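To start, the structure under review is shown below, and the notes come after it.
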Amino acid sequence: MKVKRSERLIDMTHYLMEHPHTLIPLTVFAERYESAKSSISEDLTIVKNTFAKRGLGFLETLPGAAGGVKYIPKMRAEDVDQFISDLCEELNHSKRLLPGGYVYLSDMLGDPKWLRRIGRAIASKYMDKEVDSVMTVATKGVPIAQSVAFYLNVPFVIVRRDSKVTEGSTVSINYVSGSASDRVEKMELSRRSLDMGSKVLIVDDFLKGGGTVNGMISLIEEFNSEVVGSTVIAENLFNGERSVKDYTSLVKIDKVDAQERTIEVSPGNFSVETSEKEETQQLNAD
């Protein structure tokens with residue numbers, strides 16, 4: 001059944017946004033709307049320019065018989081900066097201050113509005129890199145990993161501190177917590193969760209001493225896999241040398257005054273680069 005162009009554009013946009021990083025042949029849309037490929041190409045040009053102009057990402061077109069179109073939901077650098085500014089403003093409140101200098105994040109990690117922005121921002125940093133899986137540790141990191149994995153269109157895996165019978169055989173490692181007590185703890189991952197030789201992105205909510213992230217790095221090495229990057233939402237105050245060096249944070253806790261119940265949060269070292277291709281598409285859209 002043929003549909004009007006306006007309906008086609010709405011449905012096409014929704015389809016693309018629900019299938020990020022997926023190569024979709026033009027024949028899929030042509031058959032879906034009973035339209036000529038030339039009409040579909042014109043529609044995709046409209047969608048492509050609108051995405052670029054509104055900062056919704058960009059469409060990558062691959063020519064040839066095996067080609068098609070792929071939606072890349074990457075945020076613009078200026079939009080990421082604005083998001084991090086909004087995040088700092090939200091966290092700069094004494095009501096979020098917890099004992100030990102931690103910041104209360106649980107409500108935001110349960111709010112789809114914030115999770116979508118967090119996931120898309122982190123995923124945007126790694127759009128141009130090959131990522132096979134997103135890894136986090138139970139439990140606070142799970143919603144973050146799920147959101148990032150959606151925008152990268154890859155699976156996410158959950159590291160646990162205690163094995164479950166439903167996990168089957170597992171690989172376990174001991175790691176130093178990285179806190180002031182330097183406790184030796186254990187983490188495990190199901191052998192079926194991660195393929196050997198995978199490229200893995202690590203995400204988590206907090207980084208303090210770096211022990212948890214460092215433990216996940218060691219676990220990834222047990223699978224003969226490679227760490228593509230490590231990103232946390234918040235980098236906490238820590239007196240001493242962190243056990244992990246190569247990481248990025250959306251925000252960092254600069255100062256905590258327990259007596260005055262004040263907290264100062266500023267942007268971390270997170271940044272997203274804009275490629276020449278995106279700049280060209282933005283200029284064409286404008």
Side-chain angles (χ1 to χ4, degrees), residues 55 75-125 134 136-148 151 158-159 161 175-183 185 201-216 229-272:
M75 291 176 73
R76 297 178 297 195
E78 58 266 33
D79 292 334
V80 172
D81 291 342
Q82 182 59 57
F83 158 64
I84 291 177
S85 177
D86 293 343
L87 189 59
C88 288
E89 184 178 353
E90 177 66 28
L91 296 178
N92 266 318
H93 291 289
S94 58
K95 65 180 182 180
R96 293 195 171 275
L97 184 59
L98 297 173
Y102 287 100
V103 180
Y104 181 69
L105 282 176
S106 295
D107 60 333
M108 299 176 71
L109 299 183
D111 186 340
K113 177 186 69 176
W114 282 106
L115 268 179
R116 282 195 297 268
R117 297 179 76 186
I118 290 170
R120 193 165 166 230
I122 295 176
S124 293
K125 186 175 181 64
V134 178
T136 194
V137 64
T139 58
K140 293 288 183 63
V142 174
I144 305 169
Q146 185 176 23
S147 184
V148 174
Y151 287 107
I158 305 170
V159 176
R161 291 188 171 88
Y175 69 100
V176 179
S177 66
S179 62
S181 59
D182 279 341
R183 299 188 309 272
E185 299 185 7
L201 168 62
I202 295 173
V203 299
D204 206 359
D205 57 343
F206 275 103
L207 177 82
K208 197 167 187 180
T212 301
V213 171
N214 200 41
M216 284 190 277
S230 303
T231 296
V232 297
I233 294 180
E235 175 184 348
N236 217 328
L237 291 169
F238 183 70
N239 294 322
E241 186 175 352
R242 288 189 168 95
S243 58
V244 59
K245 302 289 186 184
D246 191 11
Y247 67 89
T248 58
S249 60
L250 298 182
V251 301
K252 62 178 180 178
I253 314 301
D254 293 317
K255 184 178 180 182
V256 172
D257 190 322
Q259 290 186 340
E260 297 293 330
R261 291 200 58 78
T262 58
I263 182 171
E264 293 181 11
V265 181
S266 65
N269 62 347
F270 187 87
S271 65
V272 171

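Quick note: residue numbers are just sequence positions, from 1. Owing to the predicted nature of the structure, the values given are computational and were not obtained by experimental measurement.
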Going from CD1 on Ile144 to CG on Leu109, what distance comes out if it is rounded to the nearest 0.5 angstrom? 5.0 Å
Please report the shortest heavy-atom distance between Pro112 and Gly110, naming the atom on each side. CD-O, 3.5 Å
Correct closest heavy-atom pair for Lys208 and Leu237 would be CE-O, 3.4 Å
I'd like to know if the side chain of Asn92 reaches the main chain of Val265, judged simply by a donor and an acceptor atom lying under 3.5 Å from each other, with no hydrogens or angles considered. yes
Has Arg261 got a side-chain atom pairing as donor or acceptor with Ser94's backbone, closer than 3.5 angstrom? yes
Ignoring hydrogens and geometry, is there a side-chain-to-backbone donor-acceptor pair from Lys125 to Ser271 under 3.5 Å? yes
Identified side chain to side chain contact (heavy atoms under 4.5 Å, CB included) partner of Val203 from the options Thr136, Ile118, Val213, Val142: Thr136
The reported gap from CG in Leu250 to CG in Asn269 (rounded to nearest 0.5 angstrom) is 9.5 Å
Separation between OG (Ser124) and CZ (Arg76), nearest 0.5 Å, reads 11.5 Å
Quick one, Asp86 and Trp114 - any side-chain contact, counting heavy atoms below 4.5 Å? yes
If you look at every heavy atom in Pro267 and Cys88, which pair is closest and at what distance? N-SG, 3.5 Å
Considering all heavy atoms, the nearest Gly211-Tyr175 contact: O-CD1, 3.3 Å
Side-chain (Ser243) to main-chain (Gly209) donor-acceptor, under 3.5 angstrom: yes
Look up atom CZ in Phe238 and atom CG in Leu207, then write down how far apart they are to the nearest 0.5 Å. 9.0 Å
Side chain to side chain, Arg161 and Thr212, heavy atoms closer than 4.5 Å: yes
Would you compute the distance between atom CD1 of Ile253 and atom CD of Glu235 and round it to the nearest 0.5 angstrom? 9.0 Å
Would you say Arg120's side chain and Val148's backbone share a donor-acceptor pair under 3.5 angstrom? no
Could you work out, with side chain to side chain donor-acceptor pair (under 3.5 Å) as the rule, every residue matching Glu260, not counting sequence neighbours? none
Applying the side chain to side chain contact (heavy atoms under 4.5 Å, CB included) test to Met108, which of Leu87, Asp205, Val103, Leu115 qualifies? Leu87
Taking all non-hydrogen atoms of both residues, which atom of Tyr151 and which atom of Ala123 are closest, and how far apart? CB-CB, 3.6 Å
Minimal heavy-atom distance between Lys113 and Arg117, with the atoms involved, is O-CG, 3.4 Å
What pairs of residues pass the salt bridge (Lys or Arg N to Asp or Glu O under 4.0 Å) test when at least one of them lies in residues 90-99, not counting sequence neighbours? Glu90-Arg96, Arg96-Asp107
Can you tell me how far the CD1 atom of Ile233 sits from the CZ atom of Phe270, to the nearest 0.5 Å? 11.0 Å
